[in-house]
Amino acid sequence: MEEMLLPAEKMTPLYRLRHSLSHILAQAVLTIRPDAKMGFGPPVDNGFYYDFDFGDNPISESDFKQLEETMQRIIKEKQQFEHLDKPVDVAVAELAAAGQKYKAEYAQYLADNGYAPNGTLSFYRNGPFLDMCEGPHLGATNEVPKATFKLDKLAGAYWRGSEKNPMLTRIYGLAFPTPAELKDYIEKRELARQRDHRKLGKELDLFEFDEEVGSGLPLWLPKGTVIREELEKWAKETEFKAGYQRVSTPAITREQLYYTSGHLPYYKESMFPPMELEDEDRYYLRPMNCPHHHKVFATRMRSYRDLPLRLAEYGNTYRYEKRGSLSGLMRVRAMCMNDAHIYCSPADVKQELKSVIEMYKDYYSHLRLGDFRVRLSLHAKDNDKFVDQEAEWLRSEEIVREVLNEMNIGFEEEAGEAAFYGPKIDIQLKNVMGKEETVSTCQLDFVMADRFGLEFNNAEGGTTAPYIIHRAPLSTHERMVSFLIEIYGGAFPTWLSPNQVQLIPVNETVIDYTKGIEEKLRANLIRAEVDLSSDSFNKKVRNAVTSKNPNIWVIGSREAEEQTITWRRYASKDQVTLPLSTAIETLIKMRDSRLMDNFADVALPVTA
RNA sequence: GCCGACGUAGCUCAGGGGUAGAGCACUUCCUUGGUAAGGAAGAGGUCAUGGGUUCAAAUCCCAUUGUUGGCUCCA
């Protein structure tokens, strides 16, 4: 178990600082709540935490001040950290006698599972406080530099991470090597909140939630819908060029379909409950599109000549995500997925996977989503989460691994993260608050063809089960848009932007000319708006900028006279006056090439 | 689902046992302005919902609902 190891990162001064602070916190907590039962108290990447069971004497954030003062006192006392080993039976008995039942339980666990090889367990003492702990720590409490920590928040956490166990109260603290770094972290976190897709989504009128409609059920407003539809248009073009065919299937189905697929009863908890009908089967809202597509494959006899068959659909799906895990557009209960299923012969599967991954690369580099992690999600042995076909698992995992290696894609393998029917390539992105989510997934399925009886006539006159590739490079609209909002800070490129050109007339005399420009733009299917409000010119510029319009065209008497516009871009302070016709052509070019002009290094593609 | 916090005008928030406030947004009027907030007036709220305590509840208590920080989960 890794807690027993002392890898290099655990030896760093920062690790020692944070780990020592968690002990100092625990001592402070026991000062004001002597009956608190301790859980775990490790360092984390922004500080430390410690878990406690407060019984019927709970703590609240209003106690933080007193706790911090007590911690300061402990620091001033220059308590030495002292390491000692205790025989297992002594350790367990003493912890139990002290009423530290979680510590005693864990001590017994360590002993029972071979983590006390010398028959002893490691403890650290500082002042009156003793904790079972592998260390390392600072030499003494006064080595904590001034103003480098701050208690952050309270949270619930299950003992040993299992929801079957009691819920403990976790106290989080921030800790950094210097006061400046602590301050910087707090400021950066505040800045990050400004980019939160939930905040920007409201400010930019992209989407809303309504209590009466329900949790996790987003209402996409007109401006947000523009972004969805532009992404969808892009996907449809891309998939058309790559030989996909579109299908359209219902978001509801009879119960039997999910017994065939195996989602029932296993995934029942994540599905909306069935609709009960008189004299009829039960119906479910679909949590995924796959089974419907498999049924499309099964509508006729397939020949190897038809393969690979690539069926695509932006499909609406519904999942009953747990209340507490819902989060803006990031985790929802109704979503629309950039889905497709590729049915191919075993001989073609590597090539098809490569083509899919090429498509991912194109999308990601175009959108400038560079900061992702590729995870090869594998099955775990002896886990009933996964179908029990060990040989097939190993074979299909090796296929995916080979493909990634042959394409020189860096990835990390993780056991236990696969779909129940096959290994996955997951693209992991961190949201603005640092929380990682899977944005896109690509799965190799060796199970469903058999379950659905899918096969094709092969060249030798027999039949073969196809491999099925499930892929969703652009994720769901919900999750992709939430990431784009945060990564772009709400400033979309022209092609994705709800309003592509904000027209600002400088005075009343040019309103007709400006309205004429709007008409010309709309005739070219460019979204444009004229600011006809009675606001001052400066205010109109401000409004156009704060609403993150990619392009502001200023039109005054000079422009009207010369049939020009003055172009100010969101990403660039420079502005340029161009003939109207040139400007419109440039805009069309930007749209059609899906130019990422929300990045400052991208120049206006003006050709004289 | 679990632990904690929160829910006051469209938005951001202040207040707080004696039936409500600010800024922005909105409406109207004045202003016709050349690159980030011109001026004035007005309108707008069962203080999330339901119950309880109280002479009196937006304020205290309970429940529900929603949001949120975590935990668990995440096809």
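Proteins get letters first, then strands, A, B, ... in listed order; numbering begins at 1 in each. Quick caveat: nothing in here was measured; it's all calculated off a predicted structure.
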message = Less than 6.0 angstrom separating the ring centers of H197(A) and F483(A), yes or no?
response = no

query = What heavy-atom pair brings R558(A) and T564(A) nearest, and what distance separates the two atoms?
reply = O-OG1, 4.4 Å

note = By nearest-heavy-atom nucleotide on RNA chain B, the more 5' of G161(A) and G216(A) is G216(A)

query = With both distances kept under 3.5 Å, what pairs with A63(B), Watson-Crick or G-U wobble?
reply = U49(B)

Whole angstrom value for the distance that separates P of G70(B) from NZ of K153(A) = 4 Å

request  = Figure out the CD/P separation between E61(A) and C3(B), and round it to whole Å.
outcome  = 17 Å

key: Member of Q443(A), H470(A), R471(A), R310(A) meeting the side-chain hydrogen bond (donor to acceptor under 3.5 Å, both in side chains) criterion with H341(A)   = H470(A)

key: Atom-pair distance (CD1 on I59(A); P on G69(B)), nearest Å   = 22 Å

query = Going by number, which of residues 186-215 of chain A have a non-hydrogen atom under 4.0 Å from RNA chain B?
reply = R198(A), K202(A), E211(A), S215(A)

ask   = What nucleic acid atoms does G422(A) come within less than 4.0 Å of, heavy atoms only: base, sugar-phosphate, or nothing?
value = nothing

task = Could you measure between the two P atoms, the one in A22(B) and the one in G34(B), and give it in whole Å?
result = 33 Å

task = Hunt down the Watson-Crick or G-U wobble partner of G23(B), both distances under 3.5 Å, from any strand shown, or write none.
result = C11(B)

ask   = So what does F420(A) touch, heavy atoms closer than 4.0 Å: a base, only the sugar-phosphate, or nothing?
value = nothing

query = Does S482(A) reach the main-chain N or O of R479(A) with its side chain, forming a donor-acceptor pair under 3.5 Å?
reply = yes

inquiry  = Let's test your reading of the model: under 3.5 Å, does the base of C74(B) pair with the side chain of R331(A) as donor and acceptor?
reply    = yes

query = Nearest-Å distance, CZ (R323(A)) to C1' (G4(B))?
reply = 17 Å

request  = Please say whether the positively charged group of R160(A), taken as NZ for Lys or CZ for Arg, lies over the ring of F40(A), i.e. under 6.0 angstrom from the six-membered ring centre and within 45 degrees of the axis.
outcome  = no

ask   = With a 4.0 Å cut-off on heavy atoms, is Y172(A) in touch with a base, just the backbone sugar-phosphate, or nothing at all?
value = sugar-phosphate

key: Any-strand Watson-Crick or G-U partner of G17(B), both distances under 3.5 Å   = none

message = Does the protein touch nucleotides 35-43 of chain B at the base, only the backbone, or not at all? Give it as B, S and - per nucleotide, heavy atoms under 4.0 Å.
response = BBBB-----

key: Residues E390(A) and H379(A): side-chain donor-acceptor under 3.5 angstrom   = yes

query = C1' atom, A56(B) versus G17(B): distance in rounded Å?
reply = 7 Å

message = Under 4.0 Å from OP1 or OP2 of C74(B): is there any side-chain N or O of K435(A) that close?
response = no

query = Does the cation-pi check pass for R254(A) over Y283(A), that is, NZ or CZ under 6.0 Å from the six-membered ring centre and within 45° of its axis?
reply = no

task = Identify the nucleotide, in any strand shown, that forms a Watson-Crick or G-U wobble pair with C73(B), with both distances under 3.5 Å; if there is none, say none.
result = none

task = Determine the Euclidean distance between corresponding P atoms of C2(B) and A37(B); express it in Å to zero decimal places.
result = 50 Å

key: C1' atoms of A14(B) and C73(B), separation to the nearest Å   = 39 Å

message = Taking G10(B) as the reference, what is the distance to C26(B) when you measure between their C1' atoms (whole Å, please)?
response = 8 Å

task = Between G38(B) and C6(B), how far apart are the P atoms? Round to whole Å, please.
result = 38 Å

Electrostatic pair R373(A):E412(A) at N-O distance under 4.0 angstrom = yes

F386(A) CZ to C74(B) C1', straight-line distance once rounded to whole Å = 12 Å

inquiry  = Within the 4.0 Å heavy-atom criterion, would you say S557(A) contacts the bases, only the backbone, or no part of the nucleic acid?
reply    = base

Check: residues 427-435 of chain A side-chain donor-acceptor pairs under 3.5 Å, at least two apart:
residue: Q428(A); atom: OE1; partner: T438(A); partner atom: OG1; Å: 2.7
residue: Q428(A); atom: NE2; partner: E436(A); partner atom: OE1; Å: 3.0
residue: N431(A); atom: OD1; partner: M433(A); partner atom: N; Å: 2.9
residue: N431(A); atom: OD1; partner: G434(A); partner atom: N; Å: 3.0
residue: N431(A); atom: OD1; partner: K435(A); partner atom: N; Å: 2.9

ask   = Looking at Y172(A), does the NZ or CZ of K153(A) lie under 6.0 angstrom from its six-membered ring centre and within 45 degrees of the ring axis?
value = yes

task = For E269(A) and for T169(A), find the nucleotide of RNA chain B with the closest heavy atom, then tell me which residue's nucleotide is more 5'.
result = T169(A)

inquiry  = Rounded to whole Å, how long is the line connecting atom CG of L326(A) with atom P of U65(B)?
reply    = 14 Å

query = In whole Å, what separates the C1' atom of G69(B) from that of C62(B)?
reply = 24 Å

Pair assignment for A57(B), Watson-Crick or G-U wobble, requiring both distances under 3.5 Å = none

query = Tell me: CD of E478(A) to C1' of C74(B), nearest whole Å?
reply = 15 Å

Gap in Å between the two C1' atoms, one belonging to U46(B) and one to U27(B), rounded = 24 Å

task = Check I468(A), I342(A), I469(A) against D445(A) for a side-chain contact (heavy atoms from CB on, under 4.5 Å) and give me the one that passes.
result = I468(A)

task = Using whole Å, report how far OH of Y49(A) lies from P of C71(B).
result = 8 Å

inquiry  = For the residue pair R18(A) and F176(A), would you count it as a cation-pi contact if the rule is NZ or CZ under 6.0 angstrom from the ring centre and within 45 degrees of the ring axis?
reply    = yes

message = When both hydrogen-bonding distances must be under 3.5 Å and the geometry is Watson-Crick or G-U wobble, what is A40(B) paired with, if anything?
response = U28(B)

query = Side chain of Y320(A), base of G1(B): donor and acceptor closer than 3.5 Å?
reply = no

